[in-house]
Protein chains: 2
Amino acid sequence: MTSLPTSLLGDLDPTSDRAVFRQIADQLREAIDRGRFKEGEKLPSEAELVEHYGVSRMTVRNSFSILQGEGLVHAEHGKGVFVRPRPPVRRLASDRFARRHREQGKSAFIVEADAAGSHPQVDSLEVKEEKASQDISTRLGSVRRVLARRRRYLLDGRPVEFATSYLPLDIARDTPIAEPNPGPGGIYARLEELGHRLDHFEEEIRARMPSPSEVKTLRLASGVPVIHLIRTAYDTEGRAVEVCDTVMAADAYVLSYQLPAT
Amino acid sequence: MTSLPTSLLGDLDPTSDRAVFRQIADQLREAIDRGRFKEGEKLPSEAELVEHYGVSRMTVRNSFSILQGEGLVHAEHGKGVFVRPRPPVRRLASDRFARRHREQGKSAFIVEADAAGSHPQVDSLEVKEEKASQDISTRLGSVRRVLARRRRYLLDGRPVEFATSYLPLDIARDTPIAEPNPGPGGIYARLEELGHRLDHFEEEIRARMPSPSEVKTLRLASGVPVIHLIRTAYDTEGRAVEVCDTVMAADAYVLSYQLPAT
DNA sequence: CAGGCATACTCGTATAGACGAGTGGGCAAG
DNA sequence: CTTGCCCACTCGTCTATACGAGTATGCCTG
């Protein structure tokens with residue numbers, strides 16, 4: 001009689017034409033939405049639900065897989081199925097590249113995370129010259145080879161973002177930009193020092209499900225989309241001087257933009 | 001001997017510790033990525049894959065469910081499993097609310113879609129007064145009741161966006177804004193005519209998996225996230241005069257912003 | 001020729017059972 | 001008390017089977 005967890009759930013409606021596994025998923029979803037199961041809390045085990053509803057185990061698993069696809073729950077082998085906690089989100093404001101934010105010695109990511117009380121990390125640093133993809137080449141204005149700077153950002157040990165900056169070789173080669181650590185203010189500060197005064201940025205935003213490799217590098221739970229942001233930096237002469245391709249765990253971000261009403 | 005479709009696929013590696021259904025999913029994914037199966041094309045049927053790999057049907061279905069979760073394929077009852085075509089995307093530029101775009105008689109959505117050669121529609125029109133949610137009330141500056149304008153946008157018959165505008169009653173009541181069709185230039189033009197000169201907009205962007213009701217109203221395939229955009233319009237006195245809550249099918253949109261380097 | 005039906009093929013749903021593997025608690029041996 | 005093992009419980013993977021329901025095709029009938 002340890003049926004306390006399942007006592008929060010109702011019965012099936014045999015007359016309904018809604019599939020049984022959907023009905024079960026509906027009940028679990030509603031229970032979660034109503035807070036009957038709280039964040040991080042364990043849901044009834046598959047065996048308990050099998051008994052409660054009188055269905056087979058695969059049916060229950062089918063229900064769970066729906067909720068997983070919705071990003072509501074996640075299963076842990078040997079432990080159970082848990083309500084997925086909403087992680088703290090990182091807000092990216094549209095003025096995050098303003099010059100006034102470029103004065104400190106540390107990177108914007110580190111400063112901001114420290115301020116928010118999180119523990120920031122950057123890893124997977126890689127800086128190398130390579131052939132530009134078709135897309136990058138187009139964005140940079142028909143450039144063949146580029147300097148690529150890759151890095152992964154983590155908050156409290158959790159990967160949240162993976163970014164690659166591409167710069168034309170004639171700009172970046174043999175400059176601090178080609179160093180693993182480009183110095184205070186990041187590569188935008190270096191670009192300006194090198195005489196490429198920045199005029200504006202263009203950001204393209206998409207959202208989609210992650211590729212398997214993105215799931216791996218961002219350690220994404222199932223049911224978590226990614227935000228794909230492609231930023232192009234233009235100097236005052238209208239030349240594209242950098243393209244930054246960023247993939248973010250969507251559950252960790254809110255992007256914020258300010259637009260003039262012109 | 002109609003095994004042509006499966007001849008594009010390899011064998012399983014029994015020594016691998018990767019689960020069989022993942023191996024099958026991997027092979028199908030790779031075949032799709034390489035263009036062996038083109039957009040809209042039918043994949044081998046479950047039965048064919050069962051025979052090709054010598055596994056049970058549930059294993060094959062498990063593989064398909066992975067690919068569905070990734071948004072790569074979609075199943076059609078009685079027909080087969082197909083490579084999901086990438087729909088044409090709608091680009092939203094950050095200057096889309098500039099005054100110069102507000103001069104025509106038709107709504108921005110209609111004009112833009114016509115220009116792109118698509119057939120635009122707007123439906124589910126609903127305009128009513130209601131109690132403001134906690135969030136909306138906060139954004140509008142402690143407003144109790146609001147005018148809510150709901151509408152759904154479709155391109156070539158496919159729903160792509162569902163939006164709700166919330167306006168304080170003291171601004172919108174008994175004005176053209178409370179009419180189903182607010183007239184040329186939309187509600188922003190009306191707001192300015194009413195003396196609320198717009199100063200700037202703030203947009204918050206999130207991406208997540210859709211709720212069941214969003215799946216329904218946007219007719220979303222599985223594996224398609226939504227972009228959730230919340231825009232607040234401010235007048236020159238700094239007052240929030242409108243909040244627009246928009247849910248977009250992520251596979252139908254690219255958002256584009258232009259940021260000054262300040 | 002047109003319409004309708006039979007049929008084969010598709011995926012959808014559900015059952016029952018088996019074994020594997022990760023986790024954690026309790027018990028027994030040292 | 002500590003160590004180590006066993007066991008119970010968890011989810012992961014896979015098989016085999018059954019029936020239902022949507023789709024397309026071709027044949028048969030009128």
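In what follows, every chain begins at residue 1, and chains take the letters A, B, ... in the order their sequences are listed. Computed from a predicted structure; not experimentally measured.
With sequence neighbours excluded, the residues forming a salt bridge (charged side-chain N to carboxylate O under 4.0 Å, His left out) with B/Glu126 are B/Arg150, listed by chain and number. For the side-chain contact (heavy atoms from CB on, under 4.5 Å) test, residues two or more places apart in sequence or in another chain that qualify with A/Ala116 are A/Ser118. In terms of the side-chain contact (heavy atoms from CB on, under 4.5 Å) criterion, residue partners of A/Ala221 (sequence neighbours excluded) are, by chain and number, A/Arg84, A/Val224. Evaluation of the side-chain contact (heavy atoms from CB on, under 4.5 Å) rule for A/Glu30 yields A/Arg34 as partners, not counting sequence neighbours. Residues passing the side-chain contact (heavy atoms from CB on, under 4.5 Å) test with A/Glu41 are A/Phe37, A/Lys38, sequence neighbours excluded. Legend: residues meeting ring-ring contact (aromatic ring centres under 6.0 Å, His included) with B/Tyr153, ordered by chain and number and at least two apart, are B/Phe109.
Taking every nucleotide of DNA chain C with any atom under 4.0 Å from a non-hydrogen atom of chain A, the first and last of them, 5' to 3', are C/dT13 to C/dG24.
If you check the side chains of B/Arg151 and B/Ser165, you find a donor sitting under 3.5 Å from an acceptor.
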Between the protein and nucleotides 3-5 of chain D, which nitrogen or oxygen pairs come in under 3.5 angstrom?
none

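The aromatic rings of A/Tyr257 and B/Tyr257 lie parallel to each other, their planes meeting at an angle below 30°, with 60° marking the opposite boundary.
Atom CG of B/Leu28 is separated from atom CG of B/Leu72 by 10.0 Å, given to the nearest 0.5 angstrom.
The pair B/Asp135-B/Arg139 meets the salt-bridge criterion, with a side-chain N (NZ, NE, NH1 or NH2) lying under 4.0 Å from an Asp/Glu carboxylate O.
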B/S/- along nucleotides 10-15 of chain D (protein heavy atoms under 4.0 Å) is BBBBBB
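Pairs passing the salt bridge (Lys or Arg N to Asp or Glu O under 4.0 Å) check and including a residue from residues 56-67 of chain A, sequence neighbours excluded, read A/Glu46-A/Arg57, A/Glu46-A/Arg61. Within the structure, side-chain hydrogen bond (donor to acceptor under 3.5 Å, both in side chains) contacts touching residues 215-227 of chain A (residues at least two apart or in different chains) are A/Gln68-A/Ser222.
Shown for residues 214-222 of chain A: no residue has heavy atoms falling under 4.0 angstrom of DNA chain D.
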